[in-house]
Amino acid sequence: VSERRLGLFGGTFDPIHYGHMAIARFVKNAVELESVCLITAARPPHKGESGHAGATDRHRMVELAAEGDPSLIPTDLELRRTGPSYTVDTVRAFRRHEPEARLFFVVGGDTIDELPSWYRLEEIVRLVQVVTVTRPGSPDRYDPDRCGGLAPEIVGRLNRFVLTMPPRHESSTEVRRRIARGEPFEHLVPPAVAAYIRKRGLYRAPSSGVDSRIP
Ligand code: ATP
């Protein structure tokens, strides 16, 4: 019996875009995963509320984007948790639920500078293989000199799974910025996500809908 190989791909997904979809599919093929769980993150407290979507809307858009691809599995595990959400808790939950599977935790290259400071990183890298995909403008390897305190074998383990991906220039920030300015954004997200954003009026400038002539 061959082992199950599962990808865990977390994001704020505010909103999910074609770059995210490309990452999920690229890693699935490159690492030969059975499926990839798309894990909608509870909003980190430092991301302000204005101009952002709530968790329910963000997760709904993940579901819409995954529709029609049974290998993408939307997961609201982190949203159902109260209190601060740590990656290590998510990883432990998957480990418990899938004790026999090989788990691959997917991050983009912009995470390279942040990962060394993640809570309980050593436990995370014991429980899963972290897979990093390159992102334009971000470092393409973990630099031992900038991973202060991380054991060299951990840095080595992280670097072994840095995958060079055909560059994707989408970002959620860019999608939100375009919508706030009334610019086209439909080429950056799946059609069902674009329709949902329009229907719900997400990411429009705070003044939209208000008569701007009133001081
Ligand atoms: P924001 O612009 O709001 O920071 P984002 O586009 O980075 O959002 P997230 O939901 O924060 O989207 O990203 C989830 C994961 O996907 C992160 O690990 C991030 O590094 C990765 N990611 C997102 N877009 C890309 C991209 N274009 N190329 C590579 N990795 C990406």
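First listed ligand is number 1; within each ligand, the first listed atom is number 1. These values consider heavy atoms only, across backbone and side chains, with no hydrogens, waters or symmetry-generated copies.
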Does ligand 1 have an atom that lies less than 4.0 angstrom from a heavy atom of S172? yes
Give the intermediate values and the outcome of side-chain contact (heavy atoms from CB on, under 4.5 Å) for residues S35 and K28. CA-CA 7 Å; S35 45; K28 184 178 159 255; 6.0 Å; no
Membership question, hydrophobic clusters at under 4.5 Å side-chain separation (ILVMFWY): are L38 and F26 in the same one? yes
If you compare G108, A22, A41 by their heavy atoms, the one closest to atom 18 (O) of ligand 1 turns out to be G108
Which residue from F9, F13, F26, Y18 reaches closest to atom 10 (O) of ligand 1 through any of its heavy atoms? F13
Determine whether more than 12 heavy atoms belonging to other residues, nucleotides or ligands lie under 6.0 Å from atom CZ of R95. yes
Would you mind running through ligand 1 and noting each atom that sits below 4.0 Å from a heavy atom of G11? 10 (O), 14 (C)
Applying the side chain to side chain contact (heavy atoms under 4.5 Å, CB included) test to L163, which of T134, T132, V31 qualifies? V31
Give the atoms of ligand 1, by number and element, whose distance to some non-hydrogen atom of T173 is under 4.0 Å. 1 (P), 2 (O), 3 (O), 4 (O)
Looking only at non-hydrogen atoms, the one of R177, R135, E174 nearest atom 29 (C) of ligand 1 is R135
Under 3.5 Å, is there a donor-acceptor pair between the side chain of R58 and the main chain of T12? yes
Once you round to the nearest 0.5 Å, how far does CD1 of I112 lie from CG of L158? 9.0 Å
Does the N or O separation between D110 and ligand 1 drop below 3.5 Å for any pair? yes
Under 4.0 Å from one or more heavy atoms of R168, ligand 1 contributes atoms 26 (C), 27 (N), 28 (N)
Taking only non-hydrogen atoms of D14, do any sit less than 4.0 angstrom from ligand 1? no
Near V107 (heavy-atom distance under 4.0 Å), the atoms of ligand 1 are 18 (O)
For ligand 1, is there an N or O atom under 3.5 Å from any N or O atom of T134? no
Within the 4.0 Å heavy-atom cut-off, what T111 brings close to ligand 1 is side chain
Do you know the tightest heavy-atom contact between I16 and M21? CD1-SD, 3.9 Å
Does P167 come within less than 4.0 Å of ligand 1, judged by its heavy atoms? no
Are D140 and R135 close enough, and set up right, to give a salt bridge (Lys or Arg N to Asp or Glu O under 4.0 Å), and what steps lead you there? CA-CA 8 Å; D140 56 11; R135 184 169 193 173; over 6 Å; no
Decide yes or no for E174 and F185: does some side-chain heavy atom of the first lie under 4.5 Å from some side-chain heavy atom of the second? no
